[in-house]
Amino acid sequence: MRVRNRLDETTTLHWHGMHLPATADGGPDQTIEPGDTWSPSWTIDQPAASLWYHPHLMGKTEDHVYRGLAGMFLLDDSAASALQLPSEYGVDDIPLIVQDKRLDDDGGLDFSQSMISPIGRLGDEILVNGTRDPYVEVADRLVRLRLLNASTARIYDIGFADGREFDLIGTDGGLLEAPERISRLPLSVGERAEIVVELEAGEEAVLRSFEPDLGTNAFEGRFAGADDTFDLLKLRADEKLDDSPDLPAKLVAQEGPQESEASGVRRFELGNRDINGVQMDRARIDQVVELGATEVWEVENTSGTPHNFHVHDVRFRVIDYAGEPPPAHLSGLKDTVYVPPGETVRFATAFEDYADPSVPYMFHCHILEHEDRGMMGQFVVVEPGERPAHGEPGHNHAEDHG
Ligand code: C2O
Ligand code: CU
Ligand code: CU
């Protein structure tokens, strides 16, 4: 990669969802000064998926992403391309980068902050791929939409205005084992999903975000966007549509981390703007993980505020969600998950290939105002028996499993 910073301020570029060495991750430590070029390299070795990238500068991530620094990164592989899925980029396979903005009278970005929102600045209109009031003309019966919530704080519950069902075929980490028929798709900040929708000739289908169930009380919810609905995109079907092959009944075999292989459990408590009672400190390594380990991570939102949880480098499998088996939209591989107030989410994940005792990866709430205010921690992956090279170790061992 060659990333040239043409801003007049420092930034970074993080590859969200990518399995890579910590030095290439683009977190708060890999800063790029104005005019400089950062050239990380790594071998891409993970299943086909819809990933993304965005700056990750300490304290400035919300600002940089709100200004539009976000893009999608589509990975393909032979297993995915052997399937008869809609896959013609921009024709029947359409990336949708969803961001909310507040615009002033001249159409410029409004940077005013809300004093009451528990999750930071929320926009009152949606741009998809940077476009206001977007539509797409469709000439095929089946269309695949790759959705990315690249908003800074807003959480969506995506469906169609007429309530039609559609097929979920992929989540953050790649394709599902089999399509899941759903009519609503909750999508918190940073999450991705791939869906396939069927259209009829001549119709206009409206992709909409309905009132998201944030699990907060009504007052908190109101200022966190729980009462908001938006039209996201119009799909205008031609008078004659080309037929598409039916969706395959099976997609890709799911390997991936299993709870039964886990060597330990690590607990995370999400507070108001902290994790396990502490805020981000670049001088502290919060967690030390051994290369090769599979672990269960247990994340509880002990606050009344909406939070989600994202882990760099890995993909995880949700074991249970608020005490229940994971719903369809969390049934595949994930790297970001919503954690409702008062609830616990447990997932299994494995740390493979890359150890570096001196460069950390991040875990954090992906509501960017929370992240910027310190709701983030650092972990290093080390060779078995090795110690982190520097940094005060925090609360850092997995407890025995079972
Ligand atoms: Cu989307 Cu730490 O990142
Ligand atoms: Cu990330
Ligand atoms: Cu949060």
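Counting starts at 1 for both ligands and their atoms, in listed order. As the structure is a prediction and not an experimental result, all values here were calculated from the model.
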Within 2.8 Å of the Cu ion (ligand 2), is there any N, O or S atom belonging to His14?
yes
N, O or S of His310 under 2.8 Å from the Cu ion (ligand 2)
yes
Restricting to N, O or S, what is the name of the atom of His307 that lies nearest the Cu ion (ligand 3)?
ND1
Atom name in His370, limited to N/O/S, at shortest distance from the Cu ion (ligand 3):
ND1
With rounding to the nearest 0.5 Å, note down the distance linking CE in Met362 to CG in Asp313.
12.0 Å
Kindly determine whether Arg315 and Asp335 satisfy salt bridge (Lys or Arg N to Asp or Glu O under 4.0 Å), including the steps that lead there.
CA-CA 5 Å; Arg315 280 150 286 134; Asp335 57 53; over 6 Å; no
Please work out which of the three classes, parallel, tilted or perpendicular, describes the rings of Phe351 and Phe379, given edges at 30° and 60°.
perpendicular
Look at the aromatic rings of His54 and His366 and report parallel, tilted or perpendicular, splitting at 30° and 60°.
perpendicular
Output, by chain and residue number, all protein N/O/S atoms separated from atom 1 (Cu) of ligand 1 by less than 2.8 Å.
His16 ND1, His54 NE2, His366 NE2
Apply side-chain hydrogen bond (donor to acceptor under 3.5 Å, both in side chains) to Thr10 and Glu33, showing your working.
CA-CA 5 Å; Thr10 306; Glu33 297 308 319; 2.8 Å; yes
Just checking Arg236: does its CZ atom have more than 12 heavy atoms from other residues, nucleotides or ligands closer to it than 6.0 angstrom?
yes
Counting C-beta onward and ignoring hydrogens, is there a side-chain heavy-atom pair between Asp100 and Leu122 closer than 4.5 Å?
yes
Pick one: which of His307, His370, His56 meets ring-ring contact (aromatic ring centres under 6.0 Å, His included) with His364?
His56
